[in-house]
Amino acid sequence: MSASTAVAGADYTRGAMSDPLVLGGRTFESRLIVGTGKYKDVSETERAIDASGAEMVTVALRRVDLGDRSSGSLMSLLARKSWVILPNTAGCFTAAEAVRTLRLARELGIAQMVKLEVIGDKNTLYPDNEQTLEAARQLVAEGFVVLPYCLDDPIICRKLEEIGCAAVMPLAAPIGSGLGIRDPHNLEIILEHARVPVIVDAGVGTASDAAVAMELGCHGVLMNSAIACASDPVLMAEAMREGVRAGRKAFLAGRMAKRRYASASSPTAGMLE
């Protein structure tokens, strides 16, 4: 989507741009999706997510006791907040594991829109393309709204879209690495051809990384470690919120053309002698 097309579709009726993210028929004002892991306690989790402005949060189904609703538990926090829960299959290494995990979550009423994650390697945490495609096919056929974590590979993104995934979520760099956008060229190719939202998932380290992803035209950014592992998670959450917003506005505005030589800010035509 070009910047001019995006701007043409924006609503300026109240003096502020209305530019929602639409996923699986649901509308979100925030384009930042955040995780719930790695915080020192539930209180810090709540304060950081509130500061991020995120409306959707991911929960690792295999790493959380979904039945624990006691005071101070993550599930008790999620129960009293208005965040949309995006259950994910972190820790699954086969399509069968991922599908079974999400079926169980749906029985608990928390798994309609889901983040599919099927890992192929324990060291890099890169996804397994074959297993991800197999799981996506099954889940889409069963009525899940599937948001798959995948490599920044235009081919796998195209195949996931063709299966019926509601978005594609290519990594920027390995999970938890904080290395930032390692291959903007691949993301640009994915964006050029995708007809569903493209959300950068994994590898973001700081607010400028989030801004770069959005300036490229990505529709959203998903992160956890970049906020939770910061020295001040709440302050970093605020920075990420602003970075995503700034990057999106820059994309919609359309950056100036790059030039080889200088171009004076003040025109020379009509200059007084």
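Note that the coordinates shown come from a computational prediction; the quantities given were computed from them, not determined experimentally.
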Does some side-chain heavy atom of V57 sit less than 4.5 Å from a side-chain heavy atom of L78? yes
K38 and S225: side chain to side chain donor-acceptor pair (under 3.5 Å), yes or no, with the steps? CA-CA 7 Å; K38 299 187 177 181; S225 299; 2.6 Å; yes
Would you say that more than 12 heavy atoms from the other residues, nucleotides or ligands in this model lie under 6.0 Å from the CZ of R106, or not? yes
Heavy-atom closest pair, residues I119 and F93: O-CD2, 3.2 Å
Taking side chain as C-beta onward, heavy atoms only, is V84 less than 4.5 Å from E55? no
For R259, give me all partners under side chain to side chain donor-acceptor pair (under 3.5 Å), at least two apart in sequence or on another chain. none
Could you measure the distance from the NE2 atom of H185 to the CG atom of D152? Nearest 0.5 Å is fine. 11.0 Å
Tell me if the CD atom of E130 is crowded by more than 12 foreign heavy atoms within 6.0 Å. no
If you apply the rule side chain to side chain donor-acceptor pair (under 3.5 Å), what do you find for D121 with T124, and how did you get there? CA-CA 6 Å; D121 178 74; T124 63; 2.9 Å; yes
So, D50 side chain and R47 main chain: donor-acceptor pair closer than 3.5 Å or not? no
Write down the atom of A167, the atom of P148, and the distance for their closest heavy-atom approach. O-CD, 2.9 Å
Heavy-atom nearest pair, V168 first then C157, reads CG1-O, 3.6 Å
Determine whether T36 and L74 satisfy the following criterion, side-chain contact (heavy atoms from CB on, under 4.5 Å), listing intermediate values before the conclusion. CA-CA 8 Å; T36 53; L74 177 61; 3.8 Å; yes
Closest heavy-atom pair and its distance - Y126, Y149: CA-OH, 4.2 Å
CZ/R80: more than 12 non-hydrogen atoms of other groups inside 6.0 Å: yes
Between A237 and A48, which heavy-atom pair has the shortest distance, and what is it? CB-O, 3.1 Å
Non-hydrogen side-chain atoms of N186 and D153 separated by less than 4.5 Å: no
If we only count heavy atoms from C-beta on, is the P197 to L23 side-chain gap below 4.5 Å? yes
L147 vs L86 side-chain heavy atoms within contact, under 4.5 Å: yes
For P184 and L216, the nearest pair of non-hydrogen atoms, with its separation, is CB-CD1, 3.9 Å
Rounded to the nearest 0.5 angstrom, the CG-CZ distance for L104 and R100 is 7.5 Å
